[in-house]
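These notes are about the structure you will find just below.
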Number of protein chains: 2
Amino acid sequence: MKIFKALADDTRLGIIKNLYASKEEMSCTEAGADCVSSKSNASYHFRTLREAGLIKVRKEAQTKFVSLNKETFDRFLPGFLDTL
Amino acid sequence: MKIFKALADDTRLGIIKNLYASKEEMSCTEAGADCVSSKSNASYHFRTLREAGLIKVRKEAQTKFVSLNKETFDRFLPGFLDTL
DNA sequence: ATGGTTGTTCAATATTCATAGAACTATCAT
DNA sequence: ATGATAGTTCTATGAATATTGAACAACCAT
């Protein structure tokens with residue numbers, strides 16, 4: 001459920017696409033650059049994605065790096081990422 | 001997107017589970033028996049599911065029979081139904 | 001024709017979710 | 001220490017969704 005709610009939003013879907021396309025981790029700022037409307041908005045969406053288990057977050061200095069949590073996709077939405 | 005919005009709700013997810021478990025078509029009343037809170041509410045959720053392409057509807061007399069639209073699941077969420 | 005099912009539509013309300021700005025923490029660079 | 005960067009949290013507000021009941025339409029059975 002949390003997964004579907006997390007994916008039921010254009011902004012978050014955009015972030016997922018960015019992360020999938022990049023094949024690497026990105027900073028929150030990077031990953032949300034073209035989707036997000038303010039930094040508090042960004043924070044909100046990244047939290048939603050994290051709580052749904054769709055992304056992993058690693059902190060380095062001030063910066064947080066995010067990447068797709070492949071395990072979750074494989075487990076609950078196997079094959080989905082390839083339909084993006 | 002419409003697909004995720006459609007799945008991002010407990011009531012509709014319940015309906016999907018019922019349909020998946022039954023392996024056959026069911027009437028709307030049957031499929032929603034344990035999830036839905038009123039008949040207008042049922043109608044609303046079935047419409048949402050239909051518009052997302054997740055179910056097929058067949059009318060026979062007063063009764064509408066609903067079933068999963070496997071094509072949509074296979075195309076956009078391959079493998080998902082088996083995780084239910 | 002009347003009454004009983006099955007489902008739809010409409011309008012009102014309630015609930016949930018998304019957005020914005022301001023104040024804040026933490027880290028780095030000078 | 002100061003300023004800059006990266007992100008969080010809070011409160012308020014707006015937008016989108018869900019729920020309800022009432023009135024309705026379609027179909028069947030008698």
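Order of the sequence lines fixes the chain letters, A, B, ..., with proteins taken first and strands second; residue numbering starts at 1 for each chain. Quick caveat, the model's predicted, so the values are computed rather than measured.
Not one side-chain nitrogen or oxygen of B:R47 sits closer than 4.0 Å to the OP1 or OP2 atom of C:dG7. The side chain of B:H45 places no N or O atom within less than 4.0 Å of a non-bridging phosphate oxygen (OP1 or OP2) of D:dT17. Distances shorter than 4.0 Å separate some side-chain N or O of A:K5 from OP1 or OP2 on C:dC17.
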Protein-proximity profile, nucleotides 25-30 of chain C, B/S/- by nucleotide at the 4.0 Å heavy-atom cutoff, equals --BS--
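Using modelled atom types, no side-chain atom of A:N69 and backbone atom of A:K56 make a donor-acceptor pair closer than 3.5 Å. Side chain of A:N41 to main chain of A:V36: no donor-acceptor pair is present (N/O by atom type, distance under 3.5 Å, no hydrogens or angles). Side-chain atoms of B:R12 come within 3.5 Å of backbone atoms of B:K5 as a donor-acceptor pair (strictly under, hydrogens ignored).
Donor-acceptor pairing under 3.5 Å, judged by distance alone, is present between the side chain of A:S40 and the base of C:dG21. Contact of B:K64 with C:dG7 (side chain to base): no donor-acceptor pair of N or O atoms is detected under 3.5 Å.
Overall bending of the helix from C:dA1-D:dT30 to C:dT30-D:dA1, expressed as the angle between end axes built from five pairs apiece, is 20° (10° steps).
Per the geometry, OH belonging to A:Y44 stands 21 Å off P belonging to C:dA22, to the nearest Å. Remark: P of D:dA18 and CG of B:L7 are 12 Å apart, rounded to the nearest angstrom. Summarising the geometry, the separation between CG on A:N41 and C1' on D:dT13 is reported as 14 Å, rounded to the nearest angstrom.
Contact detail for B:I15 and B:C35: the closest heavy-atom pair is N-SG, 3.7 Å. In this structure, A:F46 and A:G32 approach most closely via the heavy-atom pair CZ-N, 4.1 Å.
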side-chain contact (heavy atoms from CB on, under 4.5 Å) for B:L7 and B:L54? Distances and angles first, verdict last.
CA-CA 9 Å; B:L7 292 172; B:L54 293 174; 3.9 Å; yes
Hey, mind stepping through B:L81 and B:K70 against side-chain contact (heavy atoms from CB on, under 4.5 Å) and telling me if it holds?
CA-CA 9 Å; B:L81 285 172; B:K70 295 272 174 51; 4.2 Å; yes
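When the nearest nucleotides of DNA chain C are assigned to B:F46 and A:S38 by heavy-atom distance, the more 5′-ward of the two goes with B:F46.
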